[in-house]
Amino acid sequence: MKEDCRVTLPNFAFFKGRIVPYSDAKVGVLTHTLNYGTGIFAGIRAYWNAGEKQLFLFKPQDHYRRFLESARLMLMELPYSESDMVGFTIDLLKAEKARTDCYIRPIGYFGDEVIGVRLHDLHAELAIVAIPFGSYVENEEGSHVTVSSWRRIDDNMIPARGKIAGSYVNSAFIKTDAQRSGFDEAIVLNQDGHVAEGSAENFFLIRKGVVCTPPVTENILEGITRKTVIMLLRDELGCEVVERPIDRTEIYLAEEAFFCGTGVQIAAITCVDHRPVGTGQMGPVTGELRKVYFNAVRGNTPKYRESCVPVY
Ligand SMILES: Cc1ncc(COP(=O)(O)O)c(C=O)c1O
């Protein structure tokens, strides 16, 4: 699951309330969020539907709702609604003349150029960029993961339910150690020793025919894809899905396991710490789920069409 870090730089950015050339979207070295990690962000995908010649944003309202919730956790007052930000995103994609799969990165940050760690008495800014983006990871049909020696940040440290820039130092430790040890990704345990999630993905396993995922009280990001996947598993695949704490060794006994997230989409976990998961091949539920997911996000399933917001 190697990430492709080389991205094509965008032509434009939404910056300080308007669309500007990307090269003009600059912040000073003293910017609060750059120094203290006090930003919040989102990662949204847009899927190009070649048959309809249309670009669909998948669940942008849900992403901006969580973005505003993250802002609230950080006492960050952004003067925009979800719909405003969906509108800015559409304008930006049109400016980019985007006609391919894209990844959209909104960031809320404290633009003050000051010294002093705090959340109060700071000025919030919004920036958005969009880049062409295909697969986020390799091996999405069969990844070998490890259980990280790092622990997931706790709600009383930095709330994992928010997408807060500083939290991703935790994710970066997890990811780098996993990849340098030859694994694709890592599963991280929370302070109680239960499975939380991946470095930037939510986690599911199937045991005795029941799909299980950690509840939102286990120090996980409240993933938009997680919610979509729960719905698709229940409504399209007829699976029983339970949200409950998961022990580490349950992964060793699972029939199937997978990660999900906007970036990773749905990635099968076929091996954990050199132990095969189930047969060691992507299982039937994960395979079927990937099919229904990719059809839904690209706007090809009439039932889920309302989740796909057209750009053009
Ligand atoms: C830590 C973490 N967990 C889970 C996810 C998946 O969330 P979503 O499905 O909303 O993209 C992400 C996505 O970026 C993440 O960073």
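Order of appearance sets the numbers: ligands from 1, and atoms from 1 within every ligand. Model, not experiment: these values are computed from the prediction. Residue numbers run from 1 in the order of the sequence given.
- Between H63 and ligand 1, no N or O atom pair is found at a separation short of 3.5 Å.
- Using cut-offs of 30° and 60° on the angle between ring planes, the pair F259 and F203 is perpendicular.
- A salt bridge links R305 with E52: at least one charged nitrogen is closer than 4.0 Å to a carboxylate oxygen.
- I220 belongs to a hydrophobic cluster whose other members, connected by ILVMFWY side-chain contacts under 4.5 Å either directly or through intermediates, are V216.
- Within ligand 1, counting atoms from 1 as listed, the ones closer than 4.0 Å to a heavy atom of I224 are 8 (P), 9 (O), 10 (O).
- When each atom of ligand 1 is checked for a heavy atom of T262 under 4.0 Å away, the hits are 8 (P), 9 (O), 11 (O).
- With a 6.0 Å cutoff to the six-membered ring centre and a 45° limit on the axis angle, R99 counts as a cation-pi contact of Y312.
- Annotation: atom 3 (N) of ligand 1 to nearest protein heavy atom, E197 OE1, 2.7 Å.
- Panel note: side chain R45, backbone T262; a donor-acceptor pair is recorded below 3.5 Å.
- Between R226 and ligand 1, no N or O atom pair is found at a separation short of 3.5 Å.
- When heavy-atom distances to ligand 1 are checked against a 4.0 Å cut-off, S199 comes that close only through its backbone atoms N, CA, C and O.
- Proximity annotation for atom 1 (C) of ligand 1: of K163, R152, R66, R152 comes nearest, heavy atoms only.
- Across the listed options G261, G263, G223, A200, A200 owns the non-hydrogen atom lying nearest to atom 5 (C) of ligand 1.
- Between T225 and ligand 1, a contact under 3.5 Å exists for at least one N or O pair.
- V114 pairs in a side-chain contact (heavy atoms from CB on, under 4.5 Å) with only one of the listed residues (D121, N35, L30, L122), which is L122.
- A salt bridge does not link R207 to E255: none of the charged side-chain nitrogens sits closer than 4.0 Å to a carboxylate oxygen.
- Residue Y168 approaches ligand 1 through these ligand atoms, each under 4.0 Å from one of its heavy atoms: 1 (C), 2 (C), 15 (C), 16 (O).
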